[in-house]
Novice: 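Here it is, the structure in full.
Naming: A, B, ... by sequence-line order, numbering from 1 per chain.
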Amino acid sequence: MPELPEVETTCRGISPHIIGACVERVEIRNSKLRWPIPKTIVTLLPGMSATSVLRRGKYILIQFDFGWLIIHLGMSGSLRLVHKSVAPDKHDHFDIYFDTGNALRYKDPRRFGSILWTTDAPANHKLLKNLGPEPLSNDFSRDYLHAISRKKIQTIKTFIMDGRNVVGVGNIYANEALFDSGIRPGVGAGKLSLRRCEKLTTSIKHILQKAIKKGGTSLRDFVNSDGNPGYFQQELYVYGREGLPCKLCNKPLRSKFINQRSSFYCNSCQR
DNA sequence: TTAATCACCTGAGGGC
DNA sequence: TGCCCTCAGGTGATTA
């Protein structure tokens, strides 16, 4: 389940292999994703070179000579670099073949992801223009979180998972960051004190940085650009551990549904 | 305007 | 072994 660390891991993995490489051919095997893959890129991209690979939230932005590919991995997507001779699997939707002999291959069994093309700056794209700050940037601070959460009646977990408030925090890392900061997921966002906002922003940054170092979390689908899993799941304190003892106080962890998402917490360590 | 809910999709896992 | 059902989850669209 790709969240920010998985997307960052993917960007770092593909970047050195495709920057400067020229597109020879594009193949769309199955255009059905959240939105259809634009067929125009089959004729547009060949002859262009990739010039940069960036990340904005959970979006991967690949810059070419005359436009950008905006890629979202959805729930089950992955981008891998393979040799062009490697045969595609069942759910490999899309390939970009480069003159280096490599192909950038997009796989997404559940088809919640998306591949879009824009010639405008990605920041102006409707999917990106309303996104909140990057959690690892200085813009995401105690004061910012405290200011935007005033009078909000949503739970804090729903609030930090909303990309308009801060990008890249999905269910796994929201659960882990809230545990790390000692805040129950069901607490109202508007009720957090400045001190607790500071703890939470610190925890979100800490958890995400740790996950990036470990190559992300592989629960079911995620593999990095080499086709290998991430290892952060071995560091999870609460996610998916309902009924198991808390690693800090040994009491059984609980779970509840918040906004249609499984939430895991320790009734003793989190208040 | 805000918050909640729905819909999309397929593989994994459990029960029978 | 095979069938059926439930669950998982990110996010745009829709509804309240």
Side-chain angles (χ1 to χ4, degrees), chain A residues 1-10 29-38 55-61 70-79 88-94 106-116 118 122 125-132 134-135 147-178 185-192 204 208 211 216-223 229-230 232-233 236 238-243 253 255-264:
Chain A
M1 299 156 197
E3 296 187 28
L4 187 146
E6 290 74 36
V7 177
E8 179 68 27
T9 299
T10 298
R29 287 186 206 83
N30 183 352
S31 66
K32 285 186 180 175
L33 291 175
R34 174 178 285 274
W35 301 284
I37 301 173
R55 178 187 59 72
R56 177 71 175 106
K58 296 175 189 171
Y59 291 94
I60 297 169
L61 311 174
I70 301 175
I71 300 173
H72 197 291
L73 301 179
M75 288 290 305
S76 56
S78 63
L79 265 183
D89 288 334
K90 181 181 174 186
H91 297 292
D92 289 340
H93 287 70
F94 173 78
Y106 181 89
K107 176 179 188 171
D108 189 0
R110 297 185 201 178
R111 296 195 255 167
F112 281 10
S114 56
I115 296 176
L116 303 164
T118 180
H125 195 279
K126 70 168 187 175
L127 294 177
L128 281 78
K129 66 181 179 186
N130 293 322
L131 292 179
E134 289 288 331
I148 64 164
S149 61
R150 294 311 86 190
K151 296 182 181 176
K152 297 291 182 182
I153 62 171
Q154 291 171 296
T155 66
I156 186 60
K157 179 163 178 273
T158 301
F159 192 77
I160 60 175
M161 287 177 67
D162 187 334
R164 291 169 298 184
N165 301 320
V166 57
V167 297
V169 182
N171 199 31
I172 298 172
Y173 298 114
N175 278 294
E176 293 299 315
L178 286 165
V187 169
K191 293 187 175 176
L192 281 192
I204 289 172
L208 292 176
T217 306
S218 297
L219 293 179
R220 287 203 181 102
D221 307 292
F222 177 71
V223 292
F232 187 72
Q233 68 271 27
L236 296 177
V238 289
Y239 183 83
R241 299 191 68 244
E242 180 190 6
L253 296 172
S255 79
K256 68 193 278 192
F257 269 98
I258 294 177
N259 204 26
Q260 299 180 306
R261 295 288 178 262
S262 301
S263 304
F264 304 90

Novice: Grab the NE2-C1' distance between A:H93 and B:dC9 for me, whole Å please.
Specialist: 10 Å
Novice: Between atom CZ in A:R110 and atom P in B:dA7, what is the gap in whole Å?
Specialist: 19 Å
Novice: Rounded to whole angstrom units, what separation is found between the CZ atom of A:F264 and the C1' atom of C:dC7?
Specialist: 11 Å
Novice: Give a yes/no on whether any side-chain N or O of A:S262 is located under 4.0 angstrom from OP1 or OP2 of C:dC7.
Specialist: no
Novice: Can you tell me the distance, in whole Å, between the CG atom of A:N171 and the P atom of C:dC7?
Specialist: 16 Å
Novice: How is A:F257 classified with respect to the nucleic acid when contacts are heavy atoms under 4.0 Å: base, sugar-phosphate, or nothing?
Specialist: sugar-phosphate
Novice: Taking only residues two or more places apart in sequence, or in another chain, which ones meet A:Y59 in a ring pair (Phe, Tyr, Trp, His ring centres under 6.0 Å)?
Specialist: A:H72
Novice: Can you check whether A:L4 reaches A:R55 side chain to side chain, under 4.5 Å on heavy atoms?
Specialist: yes
Novice: Closer to the 5' end of DNA chain B via nearest nucleotide, is it A:R164 or A:F112?
Specialist: A:R164
Novice: In whole Å, I'd like the distance from the CD atom of A:Q154 to the P atom of B:dT5.
Specialist: 12 Å
Novice: Considering heavy-atom distances to DNA chain B, does A:N259 or A:H91 have its closest nucleotide positioned more toward the 5' end?
Specialist: A:N259
Novice: With A:R261, which residues qualify under salt bridge (Lys or Arg N to Asp or Glu O under 4.0 Å), at least two apart?
Specialist: none
Novice: Using whole Å, report how far CG of A:L33 lies from C1' of B:dA7.
Specialist: 16 Å
Novice: Suppose we screen for salt bridge (Lys or Arg N to Asp or Glu O under 4.0 Å). Which residues come up paired with A:K107, at least two apart in sequence or across chains?
Specialist: A:D89
Novice: For residues 153-163 of chain A, pull every pair meeting salt bridge (Lys or Arg N to Asp or Glu O under 4.0 Å), keeping only residues two or more places apart or in separate chains.
Specialist: A:D162-A:R164
Novice: When the distance from CD of A:E3 to C1' of C:dG10 is rounded to whole Å, what number comes out?
Specialist: 9 Å
Novice: Measure the distance from CD1 on A:I160 to C1' on C:dG10 and round it to the nearest whole Å.
Specialist: 15 Å
Novice: When you check every protein heavy atom under 4.0 Å of nucleotides 11-16 of chain C, what one-letter string (B, S, -) results, 5' to 3'?
Specialist: BSS---
Novice: Using the test ring pair (Phe, Tyr, Trp, His ring centres under 6.0 Å), find all partners of A:F159 that sit at least two apart in sequence or belong to another chain.
Specialist: none
Novice: Using the side chain to side chain contact (heavy atoms under 4.5 Å, CB included) definition, which of the options A:I70, A:T118, A:V167 pairs with A:L128?
Specialist: A:I70
